[in-house]
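Okay, structure first, notes after.
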Amino acid sequence: MKRTQRCGELRKEHVGQTVTVCGWVDTKREMGHLVFIDLRDIAGKVQLAFDVEKRPEIHAAAKNLHGEYVVQATGTLRARDPKNVNAKLATGEIEIDVAALEVLNTAKTPAIEVRDEIKTDPEIRLKHRFIDLRRRPMQRILQARAAMIRSMRATLDAEQFTEIETPILYKRTPEGARDFIVPSRAYPGQFYALPQSPQLFKQLCMVAGLDRYYQIARCFRDEDKRADRQPEFTQLDIEMSFNDREDVMALLEKVVPNFVRALQQDPTFKDCDWPVLKCGEVKAPFERMTYETAMRDYSIDRPDLRSRDLRLTELTAWAKGCSFNAFKGAAENGLVKALRCPGMAEAFSRGQIGNLERDAKGMGASGLASLTVGAPVSVGATYMSPLQGAIAKFIPAGEQDALVKACKAQPGDLIFICAHAKEKVVHAVMHNLRTVVAQKLNLLDPSKFALTWIIDFPLFEYKEEEEKLYASHHPFTLAQDMELVRKLAEAARKSGDGSVISRLKAAGFSLAQVLGIRNNQYDLVLNGTEIAGGSIRMHRTDWQEDVFELVGISKEEAEKKFGFLMNALAHGAPPHGGVAMGIERNLMCYFGLENIQEVMAFPKSATGRDLMIDTPNEVEPKLLKELGIEMTPPK
RNA sequence: GGGGGCGUAGCUCAAUUGGUUAGAGUGCCGGCCUGUCACGCCGGAGGUUACGGGUUCGAUUCCCGCCGCCCUCGCCA
């Protein structure tokens, strides 16, 4: 045995014991006849004391130690004199009077200082990741990640789930994200693909009668990276049988509070400064909000409800009768929305308003109207309109009053209005604006956790340009009204030509009716981040065929792409559904971090390179030949 | 694929309009110091200014290219 305790575990209660510790030399303080070494391991630091008069050879050996040397030290644990206690250190009341010292390894000077706070360039940190991970904040994050996953497993095991591994060598799926592909040696010219998620396999597990599946699943997507995206990431992947959406939601309402509690109660993290440690108990059941409400009030399907009272107002009806032509025109077949900013008439400078307008234009808007609300007054017989701003003069007093009333605005408020023929543009602008205003109002406290389910999503999305319906989640999601889907599919099959929509219209169905169908999807949203999402699936092939019909996936195409799933569904698939939760995205929220690299042990750069091991890289021509792959010459 | 920012000592950053020996803090190495704990004091080493080209008497500085990192739009559930 090389050690009796870990450095950071030693306390007053061990005083008098002979202890052996191992760790890295953190700092050395030489005082002539005295040398102090702080020895560090994952549990913390402890002070080693060396006195030349007591043991000259050991003292001399201590003088030869350098930073990051790996050392084993044995000695008597003694209490420090009260005047020498270091209150900043958990081990500050004690030190080791070292009697034996062994250098287990020397160390080169690291590129990164092993300290809690560093400002080092991310490139350097990634190149020397094994040093970066020696730092306490990084070790705590990785420990917390493990604690979270441990808790997830415990919860699911208690609910009779079976952890099942699904293949990493998978098959290319033309839908969704770009696949990473892996050449096959046995079949030159043929390829595996890495899974974007285990979606189809988990459904096959249900068909197999495995009843309840989960996996801490690695997922791969070959898309361009972002601050919150990596080419490989981890999901808690869950699927269950004979359930409806309530069962899945109830399950996550156990999983999430359990792991939050696990993090909050773990003494390992008591010194950490994480939002998750300050957010209090996560109470179940979680709030629920329909997609319709979310879009109406917040213009986004993942609203940040820390600013729940900052709601948007739809003004389309008002704008249709508006004298200001820009609003009126947009309202004809588009959307007009307003954001009332309470008491913020003076909150933004001219320049800031200008920036907001510029951002709105960047999202496709033709402009962003801003109006401040004054007190309505009558001067003699003339009624003075309450609004001020560049466009106020185009809106008569009566219309202004109606606007103020619709927004429930008060004197001193600021009102932003965005109008556009494309709903998507208005939603993007207003969501962005709401975020800015909420920030300005200090509503986005990172230690406040606002959790909500978003439910009742539309089954279909309609792309006008293509005259095509798309599955808004994925095409395996069960509709709430399969009866109507059946009728639609039948109608679409009968009347021969034209787009699906024109055929449905010919059969007497309206677009609103089609888009009004809700599905069985549920997303879990935390402070504006989607931290989990899932759905109940269609377990019957005839239902599945109906939806394929409506989204324009032909029989041949369905057979080619999803044949094995369809075949499996035809062999007695039980009703089933599940959910997936992004581990990294969750951790980022809980730790208040902006970059996904901070919550992974060995992340890749934003261009998908591993800077430490330097990959991707070339392989030998011989290997390529074996795989039947020929390179085009580089340009 | 598009846009923006960045690249100078191990690390974090300076360097005037383009100007002669590229500096500081920290780390590192050595010395001194008996209670330090981000110890203190003294001394020292350390640079292909990412890389390649161009303009110029002269380039860290200006121009072009290229590589890398970060952010973002597209893309991505």
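Lettering follows sequence order; numbering is per chain, from 1.
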Side chain to side chain donor-acceptor pair (under 3.5 Å) filter on A/Asp116, not counting sequence neighbours, yields A/Arg136
Between B/rG27 and B/rU12, how far apart are the two P atoms, rounded to whole Å? 15 Å
The side chain of A/Glu123 lies closest to which of these nucleotides: B/rU36, B/rC70, B/rC69? B/rC69
Out of A/Phe564, A/Phe201, A/Phe220, which residue meets the ring pair (Phe, Tyr, Trp, His ring centres under 6.0 Å) rule with A/Tyr170? A/Phe201
Polar side-chain contact A/Glu30-B/rG31 base: donor and acceptor under 3.5 Å: no
Could you check which of B/rC33, B/rG35, B/rG68 has an atom nearest any side-chain atom of A/Asn84? B/rG35
Tell whether A/Asp121 reaches the base of B/rG7 with its side chain through a donor-acceptor pair below 3.5 angstrom. no
Side chain of A/Lys88 only, heavy atoms from C-beta on: which candidate in B/rC75, B/rA38, B/rU36 is closest? B/rA38
Proximity to the side chain of A/Ala606 - top-ranked nucleotide from B/rC71, B/rG35, B/rC69: B/rC71
Within residues 64-82 of chain A, those residues having any heavy atom closer than 4.0 Å to RNA chain B are A/His66, A/Arg78, A/Arg80
Are the side chain of A/His431 and the backbone of A/Ala428 linked by a donor-acceptor contact shorter than 3.5 Å? no
Just to be sure I understand the rule, does A/Ser472 reach a base, reach only the sugar-phosphate, or reach nothing, if contact means heavy atoms closer than 4.0 Å? base
Using a 4.0 Å heavy-atom cut-off across all strands, classify A/Gly176 as base, sugar-phosphate, or nothing. sugar-phosphate
Please check: side-chain N/O of A/Lys202 versus main-chain N/O of A/Ile238, any donor-acceptor pairing under 3.5 Å? yes
note: A/Asn595, atom CG; B/rC70, atom P; distance rounded to Å ~ 8 Å
Candidate pair A/Arg40 and A/Glu68, rule side chain to side chain contact (heavy atoms under 4.5 Å, CB included), full reasoning: CA-CA 9 Å; A/Arg40 160 172 43 77; A/Glu68 301 308 311; 2.5 Å; yes
Which of residues 106-116 of chain A sit near RNA chain B, with a heavy atom under 4.0 Å from it? A/Thr109, A/Ala111, A/Glu113
Please give the distance between the P atoms of B/rC69 and B/rU61 as a whole number of Å. 23 Å
Do any side-chain nitrogens or oxygens of A/Thr607 fall under 4.0 Å of OP1 or OP2 in B/rG68? no
Can you find a donor-acceptor pair, distance only, under 3.5 Å between A/Arg229 side chain and B/rC76 base? yes
Side-chain atoms of A/Gln47 come closest, of B/rC11, B/rC70, B/rC37, to B/rC37
